[in-house]
2 protein chains.
Amino acid sequence: MALSRDTVVETATRILREYGLGDLTMRRLARELGVQPGALYWHVASKQDLLVAVTEALMDTLPVHDDAVGLGDWLASTLLPVPDAADVVRVALAWRPEVVSALAAFEELAGAAGVGAGVAARQAWARGALDLVLGAVADHQEGARAAAARETEPPAVEHALERVREAMERWARA
Amino acid sequence: MALSRDTVVETATRILREYGLGDLTMRRLARELGVQPGALYWHVASKQDLLVAVTEALMDTLPVHDDAVGLGDWLASTLLPVPDAADVVRVALAWRPEVVSALAAFEELAGAAGVGAGVAARQAWARGALDLVLGAVADHQEGARAAAARETEPPAVEHALERVREAMERWARA
DNA sequence: ACCTGAACACCGTTCAAGT
DNA sequence: ACCTGAACACCGTTCAAGT
């Protein structure tokens, strides 16, 4: 059966989940799909395009939230099990921020968080909320990597989630 | 005259300032220094080691600040003119966070910002402050890149600085 | 001690040619 | 329409050998 964009993106997402960004190469992806590397470029424009699509896939189950704490918690829970998730989302953020649906979701919560001085202020607040979540996720995953290297106890996911919760509370105070 | 670690790091920092991370390759750096790529590995252990050293160089003029707004403003002003500075600092943060002197500086201001519940809370607050600054810097530089591609007006540095100021005020409220 | 020369094991991307 | 084969132009890193 023929390749499709969806298959390419799904397989890429699976490689990311299992092995991280270092193993998500076009060549490795092609091998996994049983095609030549060049074949991928019929379905995606570039590796960047692929990473944007992967980000979309990671966020496509985003439910509606009515406060920043809930949204931050969902986002962190979603990204924490995915190695290098923060880096991938940052690529999408740099290239096509509109696909990062969590950003738009934060933007809609800006009013409830006591931000009211125009669109620019709400966008800045939303981006700040996202930066706090991505930073906490990256920090936790770096800690996990370091612990694995030293063969010590890895940090608990609950600590990362608790930190995100506190950050969202602080950031969203009226 | 012979190469030295300092020369290597200084030249790397200059390439970063002038051309960005995409042009900061070991081969390009070697060419600029008039040596073979392999020669660099006598002075730095790896490219990661080099980027950590570049981060150190970017931060080595950090003055003492007595509030988060002042520190955030200094950090943003220092990083904004350096293309991809946020990415470079994030590499250092992942690998050797202790060289990111701004992080320790934020940590010392945690008390004044109304954070008092133990070391972990102060560290989390400091990392959050850094994430907000790095995120704003990255966002501004992405905007500049996008504007250059479309040949439109680039975003004003003052807006980025103003946004950092507001973020620090919000983050440091008691 | 410090560097060269040359290799190893990779990358992302393009594109004529096939089916 | 979709993929292969093969190349192009790169990477970071290692290491025997030279000086």
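Numbers restart at 1 for each chain; the letters A, B, ... are given by sequence-line order, proteins then strands.
For the side-chain contact (heavy atoms from CB on, under 4.5 Å) with A/T55, the lone residue among A/V89, A/T13, A/L93 that qualifies is A/V89. Of the candidates B/L62, B/L79, B/V133, B/L62 is the only one forming a side-chain contact (heavy atoms from CB on, under 4.5 Å) with B/W74.
Atom-to-atom, CG of A/L40 to P of D/dC3 comes out at 9 Å; the value is rounded to the nearest Å. Put simply, CH2 on A/W42 is 14 Å from C1' on D/dT4, counting in whole angstrom units.
Taking atom P on both C/dA9 and D/dC10, the two are 22 Å apart, rounded to the nearest angstrom.
Helical stems in DNA chain C, defined as runs of 3 or more consecutive Watson-Crick or G-U wobble pairs with donor-acceptor distances under 3.5 Å: C:4-8 with D:12-16, C:12-16 with D:4-8.
Using a cutoff of 4.0 Å between basic side-chain nitrogens and carboxylate oxygens, B/R28 and B/E32 are scored as salt-bridged. Residues A/E169 and A/R173 are not paired through a salt bridge, judged by the lack of any N-O separation under 4.0 Å between the basic side chain and the carboxylate. Between B/R5 and B/D49 there is a salt bridge, with a side-chain nitrogen of the basic residue lying less than 4.0 Å from a carboxylate oxygen of the acidic one.
Between D/dA1 and A/H43, no contact under 4.0 Å exists linking OP1 or OP2 to a side-chain N or O. Contact check, B/Q36 against C/dG5: a side-chain N or O comes under 4.0 Å of OP1 or OP2.
In the displayed structure, B/E153 atom CD is contacted under 6.0 Å by at most 12 heavy atoms of other residues, nucleotides or ligands. Atom CZ of B/R17 has 12 or fewer heavy atoms from other residues, nucleotides or ligands within 6.0 Å.
Taking CZ from B/R163 and CG from B/L132, the interatomic distance works out to 9.0 Å, rounded to the nearest 0.5 Å.
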Original post:
How does protein contact run along nucleotides 7-18 of chain C, one letter per nucleotide 5' to 3', with B for base contact, S for sugar-phosphate only, - for none, heavy atoms under 4.0 Å?
Top reply: B---BBBBB---

